[in-house]
Structures are given as structure tokens and as C-alpha cells.
Amino acid sequence: MADKITPRHVDYSRWYTDVVIQGKLADYSPVKGAMVIRPTGYAIWEKIQQNLDRMFKETGHENAYFPLLIPESFMKKEAEHVEGFSPECAIVTIGGGQELEEKLYIRPTSETIIWAMYKKWIMSYRDLPILINQWANVLRWEMRTRLFLRTSEFLWQEGHTAHETSEEAEKEALKMLNVYKTFAEEYLAIPVILGKKSESEKFAGALHTYCIEAMMQDRKALQAGTTHNLGQNFAKAFDVQFQNRDGELTYVWATSWGVSTRLIGALIMAHSDDRGLVLPPRMAQKPIVIVPIWRGDEEKSAVLNFAEKVLTELKTKYKVIFDSREQFKPGYKFADWELQGIPIRLEIGPRDVENKQAVLVRRDTMKKQSVDVDEILDKVGTELENMQIEMLEKAKTFRDENTHEIDEYRKLTKFFGGKGGFVKSHWCGSPECEEKVKSDTKATIRSIPFNRKKEEGKCIVCGEISEGRVIFAKAY
RNA sequence: CGGGGCGUAGCGCAGCCUGGUAGCGCGUACGGUUCGGGAUCGUAAGGCCGGAGGUUCAAAUCCUCUCGCCCCGACCA
């Protein structure tokens, strides 16, 4: 605990790891590439789950659970899918001491097993739509892993829907993208750009992949969530046909969509500072900590008495941490809770008891103010709301300040050789031009934004006609 | 898979070159003084020196093999 966090400007990557480890969010496990999510970190995941789950249900989805193990033959049915995922799969070959007749893949994603089941369940248009979500763990054998951002096993939710028409599937993919956007902005306080992925970046087996893309404090992009219009690819691979309203047999239209524990990494990298985690109030399981301060027994009882009254009042509305640990001095406690991102700290010492006040400190701004205990409930409420809003604003300002329109290739390569950020440039749509930028700068097309201006331009690489700008950035 | 680094107390490390009683800091436990920004003093507990084999009177240290982890690249949510 005495360890200091490496400041962001010294080493961003070490800073991130320090925040995660010292904030007790996660720890390295004995299994390579897999991490342990500790209670403080898991509480954030639970917040993500609670809110998204509610939003999924409000949009008509229901939860189900499919098996962890997928028969090898299923994995091989959709050509692009196999190619995309096979290299990063772990495979079970022995069960009960016996070599298995058919190998079982540990799911890297569940499209295949789910569509095998949908074949059984879908006969008629009357069986549609199916709107199922599952909360699960998946495994992808990654070469290089980073806490939360890329671990071989991770937790996520995956929605898998089946529809009568192409239009309906497209609508669903966009609807869920908007659910993700709302969640990212209103809860995580991370502004996101909605858009479509280029061919090379889309999901293996999808027609289109949509994404919400966010900027981290090192100006790199992080894909925070994706939704896919799978077209009829999986229905064809698994032969899922239904009798439509005209009595004809047709293939089902599909979507899938997911967000993962990576969102916790995004949350950390978007807001935290050199003191540690900064949580938007809505993501804090316990948004308030009270730190009583005293000298000697006499003060101790007076302070604790007073502080407990404040606690009782706040508890009517919030979950509150009351830190009366004897073995630590106040300064230590301040640092400790700052590390864990608690949005509001209330310091209560002898002076405050005398004035019937408490010192309120906001984690994001670190600004202190004295608050009368009579109005403390209101004041805390206002500050929590303000903090939620201001954190989003701050992140948005940062992103906009680091987003630039660039029209010359030389400037583009120079930009990514420097401090980087988001670049809006014209692109003709060819994979070759996209690839050239990638090999020259390591930046990729993160998004073809929905809201881009219709604008005649010339591709920044080849000079061919382009109808709008796309976003280039280095990404996690 | 390529490059680099490292395995010694819970954590971070020194000791290894030049073999000879395993050490430091932090943390932990107990006691005292402290308490408005990471306190301090005292006492104590805590080790198959990653594993196997070899050399030697003697190995954390020398030799061989092996296992694992971390960081940087190519791949990926």
C-alpha cells in the first residue's frame, strides 16, 4: 500500500497496472493469461450487469444459458467463423480419462451452439423473433494479455437473436448498439462514437459489425462494445429455416452483440488519475466513505457519535463505508479510498463536530468544501449527480480536443508518430489503403461513423473519390 | 512465435562474479506514543533460495537440463 502509483506521464501502461493492482480490482492468477477479479473489481462488473440486464429486459430480451463446451463439428460449420476463431481456441480432448470421440471446444463465443439449438426451436414465423441473452465466460487463447483489457478467459454477455426479415435484424443490431451507447455515456461516463466496422475489422461470420468506440487518456481507441448483423450466414450453416407468412421456407436472419469485462478496463483508462481509480457515481457500489478523525479518547467518542448520526442519515439513501479503523491515520485512509475510486469522502473531525459540519471531498476534482450536516443528504446527492455529468463532459472535451481532420498522408504518419489521437480522414473504401495506413502507422480504421458528414473528398492514401471521413486511431 | 528481463519470507529486492551459520525494506502480530494528507518506537513470527540432476568435505552461489512468470513486438473484444 505504501507503493506509489506510477504517474501516467511516466509510463501509461504501468500506471494502468498499478491502478488495477493497488486498487485491489484484480490480481494475477496462477494460470497464465487469466486473472482473478477481486471484490472491488467484481462490484463494478455487478453494476455493469445490473444496469445492462435491466436495459436488455426493457427492450424485450430474456436470459438463458448454453453449454461451455462446443462440439468441434459445430465450430467448423461457418467458414469465416472457423477461420477467425480456431487459432485462439482451447480444446478438450480427454474426458473421464478417455480420449473423446469428438473434440470439444471451450467456447470463444456461442453462435454455433446457440444456432444448433435455434434449429430445433424455430419452425414458423410464429416462433420469431427469439431475443436471448446469456451472461457467461468465454475463452480465447490470447498471446499477450492485459488485466481486464485482454485476458484469455473473460466474462461477458452475448445476445443472440433470430428474426423473420433482414430489416428486423438490422434494426435489432442498431437498437442494441444504442443500448450500449446509453449505458456507456450515462453510467460509465464514457462518450462513444457509433459506427460501422470496415471489412477487415468485422466479426468473423458477420455481414456487418457495428461498434461503439471510445478514447482513452493515452489517446488510443478502445472498442467498448459491438453488435453484429449476421445476415443468414449462421442460419445457412446450421440449416435454420422457417415457414414465413407466405408459406415459403426461408432462412432466419440473425444478430449477436456483446460487451465484456473489458468495459472495466475502459472505465479505468477513461477516468482514473495518478491517485488511482476514479469511479463515476453510478458505477460505485458504495459511493460514499466517512472518515472520522480524532485525538484522544474524549474526542474519539464525540467524533464517532456525531459521525454515526451522519452515517445513519446517509444510509437512508446510499450505501456508505464508515472507516473507523484505529491502526491508520487519516492521511492513509484518504489515500486508500482514493485508490479505490470512492466518489465522495466525508471527513469528520473535532472542528466539524463543533460546527456541525463535515468536509466533503469529490474524488474527480479533489475539491474540498464544508457542508452543514442539516443539508448533507441534499448536498451529497447534488455532488454525485454533478460528478456523473461532469465526468462525461470532461471525457468528451478530451476526446474532441484530440480528434483532428487530416488530409495529407505525410501529416497522418507524422501525427501517429507523435502523441496520436483520433484522425478523421477520407478513405476510398479499399482494404489495400486501410492496410497501408496500418503498416505505416499501426493505426487502423476504428469506425465509419454513422453521423459523418456527406462530403466529397479524396482518399488520404490513393486519392480516389471518397464520400466521407472515417476514424483512424491506434487501438487496444 | 521473435526480442528482453526475472524466479531467494506475504510483497519488493540484496547476496551469486570469488562456494563456508540466509539478509534488508515494506507488510503482518503484540505493546506504547500518535491521529485534519500515506505516523513512530520497541518486541516477535515468518524460508525445502522455482524444480531435477551433477561437481564438491560443503551449493542460493559453479555446471547441465527443466518449469514458470513479467515486459516489448506480430494476432485479438
Side-chain angles (χ1 to χ4, degrees), chain A residues 1-5 11 13-14 16-18 21-22 27-35 83-89 108-109 137-158 180 197 200-204 206 209 211-214 221-228 256-266 275-276 291-297 299-300 303-304 323-339 345-355 357-359 361 366 368 370 438-439 442 444 446 475-476:
Chain A
M1 192 69 57
D3 304 342
K4 283 274 194 304
I5 291 178
D11 185 337
S13 169
R14 263 177 64 195
Y16 174 78
T17 306
D18 286 352
I21 298 294
Q22 293 185 43
D27 204 350
Y28 294 104
S29 79
V31 182
K32 181 185 161 70
M35 65 171 183
E83 201 188 319
F85 282 105
S86 282
E88 48 184 277
C89 284
T109 177
N137 57 341
V138 288
L139 187 80
R140 300 180 187 178
W141 208 265
E142 300 289 353
M143 288 300 136
R144 273 203 57 217
T145 58
R146 290 193 69 189
L147 297 165
F148 288 115
L149 297 175
R150 184 171 302 106
T151 47
S152 49
E153 182 185 354
F154 58 95
L155 305 180
W156 77 346
Q157 69 53 224
E158 45 180 329
Y180 288 156
K197 285 289 182 194
S200 68
E201 296 278 329
K202 77 167 196 198
F203 177 77
T209 288
C211 61
I212 52 171
E213 206 73 27
L222 187 131
Q223 179 176 307
T226 47
T227 73
H228 316 292
S256 70
W257 28 274
V259 298
S260 71
T261 33
R262 177 179 240 202
L263 282 182
I264 298 175
R275 295 167 183 270
V291 180
I293 299 158
W294 66 81
R295 277 173 308 222
D297 285 345
E299 278 187 7
K300 180 181 167 185
V303 166
L304 285 181
D323 187 0
S324 56
R325 290 178 293 177
E326 306 258 1
Q327 72 269 38
F328 300 119
K329 288 180 59 176
Y332 178 91
K333 295 179 183 178
F334 298 166
D336 195 24
W337 296 115
E338 280 160 9
L339 210 44
R345 175 174 77 234
L346 293 171
E347 305 171 7
I348 299 179
R351 289 203 297 273
D352 302 302
V353 175
E354 203 174 306
N355 301 326
Q357 287 184 334
V359 175
V361 188
M366 294 304 293
K368 295 190 175 195
S370 285
K438 187 176 178 180
S439 62
K442 287 180 190 159
T444 50
R446 301 318 305 157
Y476 277 97

Seminar exercise, completed: Answer for the Watson-Crick or wobble partner of rC16(B), both distances under 3.5 Å, is none

All N/O pairs under 3.5 Å across the protein-nucleotides 2-5 of chain B interface:
none

For this session: Nearest whole angstrom, please: distance from the P of rG37(B) to the CH2 of Trp294(A).
Result: 15 Å

Exercise. Gln327(A) CD to rG27(B) P: how many Å, rounded?
Worked result: 12 Å

Seminar exercise, completed: Rounded to whole Å, the CD1-C1' distance (Ile293(A) to rA39(B)) equals 14 Å

For this session: Kindly assign one of parallel, tilted or perpendicular to the pair Tyr332(A) and Phe328(A), based on the angle between their ring planes and the thresholds 30° and 60°.
Result: parallel

Problem set entry | Glu153(A) CD - rA77(B) P separation (whole Å) | 18 Å

Exercise. Say you pick atom C1' in rC1(B) and the same atom in rA45(B); how far apart are they, in whole Å?
Worked result: 46 Å

Exercise. So does Asp336(A) reach the base of rG38(B) with its side chain, donor to acceptor, closer than 3.5 Å?
Worked result: no

Problem set entry | rG37(B) pyrimidine/purine six-ring stacking with Tyr332(A), under 5.5 Å and 30° | no

Exercise. Taking atom types as they are modelled, is there a donor-acceptor pair under 3.5 Å from the base of rG38(B) to the side chain of Arg275(A)?
Worked result: no

Problem set entry | Any strand: nucleotide that pairs with rG2(B) via Watson-Crick or wobble, under 3.5 Å | rC72(B)

Exercise. Hey, is the side chain of Lys368(A) pairing donor to acceptor with the base of rG36(B) inside 3.5 Å?
Worked result: no

Exercise. In the structure shown, which nucleotide is the Watson-Crick or G-U wobble counterpart of rU61(B), with both distances under 3.5 Å?
Worked result: none

For this session: For Arg325(A), report the nucleic acid contact type (base, sugar-phosphate, nothing); a contact means any heavy atom under 4.0 Å.
Result: nothing

Exercise. Looking for any heavy atom pair under 4.0 Å, which part of the strands does Val259(A) touch: base, sugar-phosphate only, or nothing?
Worked result: nothing

Exercise. Under a 3.5 Å cut-off for both distances, is rA77(B) Watson-Crick or wobble paired, and to whom?
Worked result: none

Problem set entry | Base partner of rA39(B), which must satisfy Watson-Crick or wobble distances under 3.5 Å | rU33(B)

For this session: Find the distance Phe203(A):CZ to rA77(B):C1' and express it as a whole number of Å.
Result: 10 Å

Problem set entry | Base paired to rG47(B) (Watson-Crick or G-U; both N/O distances under 3.5 angstrom) | none

Problem set entry | Side-chain N,O (Lys329(A)) to OP1/OP2 (rG36(B)) below 4.0 Å | yes

Exercise. In whole angstroms, how far is the P atom of rU33(B) from the NZ atom of Lys300(A)?
Worked result: 13 Å

For this session: Would you kindly give the CZ-to-P distance between Phe328(A) and rG27(B), to the nearest whole Å?
Result: 9 Å

Interface polar pairs with nucleotides 67-75 of chain B, N/O, under 3.5 angstrom:
residue : atom : partner   : partner atom : Å
rC72(B) : OP1  : Ser13(A)  : OG           : 3.4
rC72(B) : OP2  : Arg144(A) : NH2          : 2.3
rG73(B) : OP2  : Arg144(A) : NH1          : 3.3

Seminar exercise, completed: Closest to the side chain of Gln223(A), out of rA77(B), rG37(B), rG36(B), is rA77(B)

Exercise. Touch check for Arg14(A), heavy atoms < 4.0 angstrom, all strands: base, sugar-phosphate only, or nothing?
Worked result: nothing

Problem set entry | Sugar-phosphate, base or nothing in reach of Pro350(A), heavy atoms under 4.0 Å | base

Exercise. Choosing from rA77(B), rG37(B), rG36(B), which nucleotide comes nearest the side chain of Ser260(A)?
Worked result: rA77(B)

For this session: Check the distance between rG37(B)'s C1' and Glu338(A)'s CD and give it to me in whole angstrom.
Result: 8 Å

Problem set entry | More than 12 heavy atoms of other groups within 6.0 Å of Arg325(A) CZ | yes

Seminar exercise, completed: Ranking Ser152(A) and Asp352(A) by the position along RNA chain B of their nearest nucleotide, the one closer to 5' is Asp352(A)

Exercise. In terms of ring plane angle, is the pair Phe203(A) and His228(A) parallel, tilted or perpendicular, where the classes change at 30° and 60°?
Worked result: parallel

Exercise. With no angle test and no hydrogens, is the base of rG36(B) tied to the side chain of Glu299(A) by a donor-acceptor pair under 3.5 Å?
Worked result: no

Seminar exercise, completed: For rU55(B), the nucleotide meeting Watson-Crick or G-U wobble distances (both under 3.5 Å) is none

Exercise. Just how far is it from atom CZ of Phe154(A) to atom CZ of Arg262(A), taken to the nearest 0.5 Å?
Worked result: 8.5 Å

